[in-house]
J.: 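Before we start, here is the structure in question, set down as structure tokens.
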Amino acid sequence: MKLLAFTFMLIFSIAGVLGEDRLNAQELQVSTRDGVLEGINESGVYVFKGIPFAAPPIGPLRWREPQPVKKWQGVRKADKFGPRAMQRPIFGDMNFRSNGMSEDCLYLNVWTPTKTFQEKLPVLVYFYGGGLMAGDGSEPRYDGESMARQGIVAVTVNYRLNIFGFFSHPELSKGSPFKASGNYGLLDQYAALKWVQANIAAFGGDPNKVTIAGESAGSFSVSAQMASPLSKGLFRAAIGESGSLLGNRPLPTLAESEKKGIAFASAIGAPSLEALRALSADKLLEATARPDANFGVNIDGYLFQKNPADVFKNGEQAKVPLLVGWNSEEMNYRALLGSLQPTKENFTKVVRERFGEDAEALLAVYTVDTDEDVERVATDFAGDQFIAYGTWRWSDLHSQTGENPVYRYLYARPRPAMRAEMGDAVAGLAGGVIKGGEAKKQRIPLSKGAVHSAEIEYALGNLPTNRVYDWQADDYKVSAVLQAYFANFIKSGDPNGLGVPAWPAIQQGNAATIMHVDTVSEAIKEKHRDRYLLLEKLATMK
């Protein structure tokens with residue numbers, strides 16, 4: 001009898017375990033408008049990878065606005081990242097987990113801490129950087145698990161790049177229902193935001209609590225979505241890290257972009273749209289290595305009715321809270337001086353040669369008293385020209401017309417030295433200053449300031465995903481503060497909260513405080529408003 005009872009208990013126990021496994025599988029299934037998805041459980045965070053949010057932009061859909069997904073039957077596994085967009089390997093710091101590379105690339109990924117799938121959690125939608133030429137939502141530095149552990153549903157979005165995402169041509173405009181061409185990558189983001197509105201509740205997210213964010217080209221994208229009338233109402237807050245469309249180079253018109261497209265198509269021997277679409281994706285990608293293959297955003301009359309800077313000046317942008325900033329070394333002084341020694345004489349000479357009649361006004365605000373000042377001032381100058389000024393202008397205009405708080409930061413924590421065991425690879429990345437054998441014996445410092453993109457892993461809580469750098473206790477301290485600011489802002493539209501220094505919003509475009517993020521983070525008075533006001537004046541005069 002005891003043996004029989006034990007047997008029944010064992011059978012019931014096994015059945016219970018099997019039933020629990022089946023329940024877990026069912027718990028990982030969500031119903032979207034396009035079909036049922038089954039994700040995976042990664043240490044308590046549910047992850048859904050490679051979710052299609054638009055039809056594959058291939059064949060006749062190449063250079064078309066994103067089209068609806070074809071619904072599927074049964075359960076679609078969402079356990080692998082989709083393919084990344086077509087791109088050349090132009091940035092050495094990118095590390096992909098994607099399922100290859102393909103023109104069929106319109107996929108997104110969701111990390112959710114949900115327990116009931118009904119919590120209505122705040123949502124982060126993140127657009128990757130890469131100059132609109134490279135990048136992917138599978139990069140470990142954008143991984144959403146850490147943000148999910150903060151109580152946020154995190155989403156990364158793929159979008160078309162370079163010639164696939166930003167090519168204009170009169171035939172394309174003529175065939176478009178909107179009489180526009182180019183900006184397909186930004187339209188992909190718009191389609192993803194609409195997908196989030198329709199589906200994120202199934203993952204435990206609240207479509208009324210969406211924050212969009214991005215770094216570099218991703219930050220340009222955030223400013224674009226704020227400026228476009230299409231995306232209004234699809235998000236309630238925005239985060240921009242180093243970059244905006246409001247810089248000192250005005251966007252081209254559709255006609256200008258079309259003219260450029262005609263010239264490029266002729267140069268590669270495919271003068272008609274039919275011939276262009278007949279080219280393989282690999283052949284088109286190969287053509288983007290040409291020096292005249294420079295495709296970007298244009299004022300197309302659909303996504304943008306006018307220049308984004310004018311949209312913000314007129315108060316026609318999405319009126320949402322904005323957290324925005326840039327890094328202390330967006331560009332090194334060598335970008336300005338090249339191989340010249342950093343002396344006052346060389347700095348003055350280069351500025352006068354490159355900026356002509358504007359040089360004296362620039363030298364009056366980028367002041368250099370001694371040779372020792374040059375590295376710092378020239379680094380600021382190069383960074384402002386590259387990306388910092390456009391980011392400042394975005395924050396300044398939105399503080400005047402956006403009717404919502406703007407929180408501005410300067411990120412100043414340099415990355416630590418590379419890990420010694422990186423060996424020869426470390427020496428190569430460090431510019432060959434130290435030979436591989438020596439690199440194995442010491443850590444190699446890379447920069448005096450926070451270089452472009454340095455803040456990403458800190459802000460998203462992903463330092464452990466990057467094994468290149470020898471992260472120290474202070475790095476984790478900075479990350480904890482910066483991620484807390486981001487998480488607070490995503491949850492409430494305000495970065496302030498327990499355990500972090502007070503961060504006041506800037507006021508009506510006047511000289512204001514800025515959050516200086518470093519080992520010791522503190523709100524400080526804006527130091528160089530005179531520089532940006534001059535750049536603003538020079539930009540509007542052109």
Side-chain angles (χ1 to χ4, degrees), residues 39-40 42 45 47-53 78-102 104-112 124-150 152-162 164-165 185 188-189 192 212-222 239-243 285 327 411 415 418-419 422 425 429 450-469 471 475 479 482-483 486:
I40 53 178
E42 294 186 349
V45 171
V47 187
F48 298 80
K49 303 174 182 177
I51 304 171
F53 65 87
D79 56 353
K80 295 179 181 177
F81 292 104
R84 62 188 175 276
M86 298 297 295
Q87 58 193 275
R88 292 185 298 115
I90 55 179
F91 297 110
D93 63 339
M94 289 186 175
N95 176 22
F96 304 121
R97 299 175 291 178
S98 52
N99 185 20
M101 181 174 68
S102 173
D104 173 8
C105 62
L106 299 184
Y107 299 90
L108 55 76
N109 315 292
V110 178
W111 289 260
T112 176
L124 168 66
V125 178
Y126 202 93
F127 304 128
Y128 52 76
L132 303 179
M133 297 181 290
D136 187 59
S138 74
E139 292 182 60
R141 57 184 169 181
Y142 306 128
D143 194 278
E145 180 178 331
S146 184
M147 274 300 184
R149 296 193 186 285
Q150 300 287 326
I152 294 163
V153 178
V155 181
T156 61
V157 175
N158 286 7
Y159 57 94
R160 284 171 282 181
L161 299 165
N162 51 65
F164 299 92
D188 294 339
Q189 298 168 5
I212 59 173
E215 187 273 340
S216 194
S219 188
F220 277 76
S221 299
V222 171
I239 298 174
E241 303 164 57
S242 302
L285 182 62
N327 296 356
Y411 183 79
R415 283 172 175 150
M418 287 184 173
R419 295 165 60 87
M422 296 296 288
L429 288 171
V451 299
H452 186 63
S453 82
E455 85 293 344
I456 299 172
E457 288 95 344
Y458 292 83
L460 299 181
N462 285 329
L463 296 184
T465 71
N466 188 333
R467 301 294 294 165
V468 172
Y469 300 99
W471 307 115
D475 295 297
S479 179
L482 189 56
Q483 186 180 22
F486 273 47

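What's counted below: heavy atoms across the whole structure, side chains too, no hydrogens, waters or symmetry copies. In this chain, numbering begins with 1 at the start of the sequence shown.
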J.: Is any side-chain heavy atom of Asn99 less than 4.5 Å from a side-chain heavy atom of Tyr107?
T.: no
J.: Tell me every residue that passes ring pair (Phe, Tyr, Trp, His ring centres under 6.0 Å) with Phe486, counting only those two or more places apart in sequence or in another chain.
T.: none
J.: List the atom of Asn462, the atom of Thr465, and the distance in Å for their closest heavy-atom pair.
T.: O-OG1, 2.8 Å
J.: How long is the straight-line distance from CG of Asn95 back to OG of Ser138, given to the nearest 0.5 Å?
T.: 8.0 Å
J.: For the atom pair CG (Leu124) and CD1 (Ile212), what is the distance rounded to the nearest 0.5 Å?
T.: 10.0 Å
J.: With a 4.5 Å cut-off on side-chain heavy atoms, are Leu463 and Glu457 touching?
T.: yes
J.: Taking all non-hydrogen atoms of both residues, which atom of Val157 and which atom of Ala192 are closest, and how far apart?
T.: CG1-CB, 3.5 Å
J.: Can you confirm whether Glu215 sits close enough to Tyr126 that some side-chain heavy atom of one is under 4.5 Å from a side-chain heavy atom of the other?
T.: yes
J.: Quick one: pull up CG in Leu482 and CD1 in Ile456 and give me the separation to the nearest 0.5 Å.
T.: 11.0 Å
J.: Which residue pairs satisfy the salt bridge (Lys or Arg N to Asp or Glu O under 4.0 Å) criterion with at least one member in residues 80-102, sequence neighbours excluded?
T.: Asp93-Arg141, Arg97-Asp143
J.: Tell me, do Met86 and Cys105 make a side-chain contact under 4.5 Å, heavy atoms counted?
T.: no
J.: What's the spacing between Glu42 CD and Glu145 CD if we round to 0.5 Å?
T.: 6.0 Å
J.: Grab the two heavy atoms, one from Ala85 and one from Leu161, that are nearest each other, plus how far apart they are.
T.: CB-CD1, 3.8 Å
J.: So do the side chains of Ile40 and Lys49 get within less than 4.5 Å of each other, counting heavy atoms only?
T.: yes
J.: Between Arg149 and Val45, is there a side-chain heavy-atom distance shorter than 4.5 Å?
T.: yes
J.: Could you walk me through whether Arg419 and Tyr469 satisfy the side chain to side chain contact (heavy atoms under 4.5 Å, CB included) test, starting with their C-alpha distance in whole Å, then the side-chain angles of each, then the deciding distance to 0.1 Å, before giving a yes or no?
T.: CA-CA 5 Å; Arg419 295 165 60 87; Tyr469 300 99; 5.7 Å; no
J.: Relative to each other, are the rings of Trp111 and Phe81 parallel, tilted or perpendicular (30° and 60° limits)?
T.: tilted
J.: Taking atom types as modelled, find out whether Tyr458 and Asp475 have a side-chain donor-acceptor pair closer than 3.5 angstrom.
T.: yes
J.: Is the shortest heavy-atom distance from the side chain of Tyr142 to the side chain of Asn109 under 4.5 Å?
T.: no
J.: NE2 of His452 to OG of Ser216: how many Å apart, nearest 0.5 Å?
T.: 3.0 Å
J.: Can you tell me how far apart CE (Met147) and CD1 (Ile152) are? Round to the nearest 0.5 Å.
T.: 5.0 Å
J.: Compare every heavy atom of Gly461 with every heavy atom of Pro464, then report the nearest pair and how far apart it is.
T.: CD-O, 4.3 Å
J.: So Val468 and Arg415, do their side chains get closer than 4.5 Å, heavy atoms only?
T.: no
J.: Which atoms form the tightest heavy-atom contact between Asp188 and Arg160, and what is the distance?
T.: OD1-NH2, 2.7 Å
J.: Measure centre to centre between the rings of Phe127 and Phe220, then say whether the value is under 6.0 Å.
T.: no
J.: Restricting to non-hydrogen atoms, name the atom on Ser98 and the atom on Asp136 that form the minimum distance, rounded to 0.1 Å.
T.: CB-OD2, 3.4 Å
J.: Any sub-3.5 Å donor-acceptor pair from Asn158's side-chain atoms to Leu106's backbone N or O?
T.: no
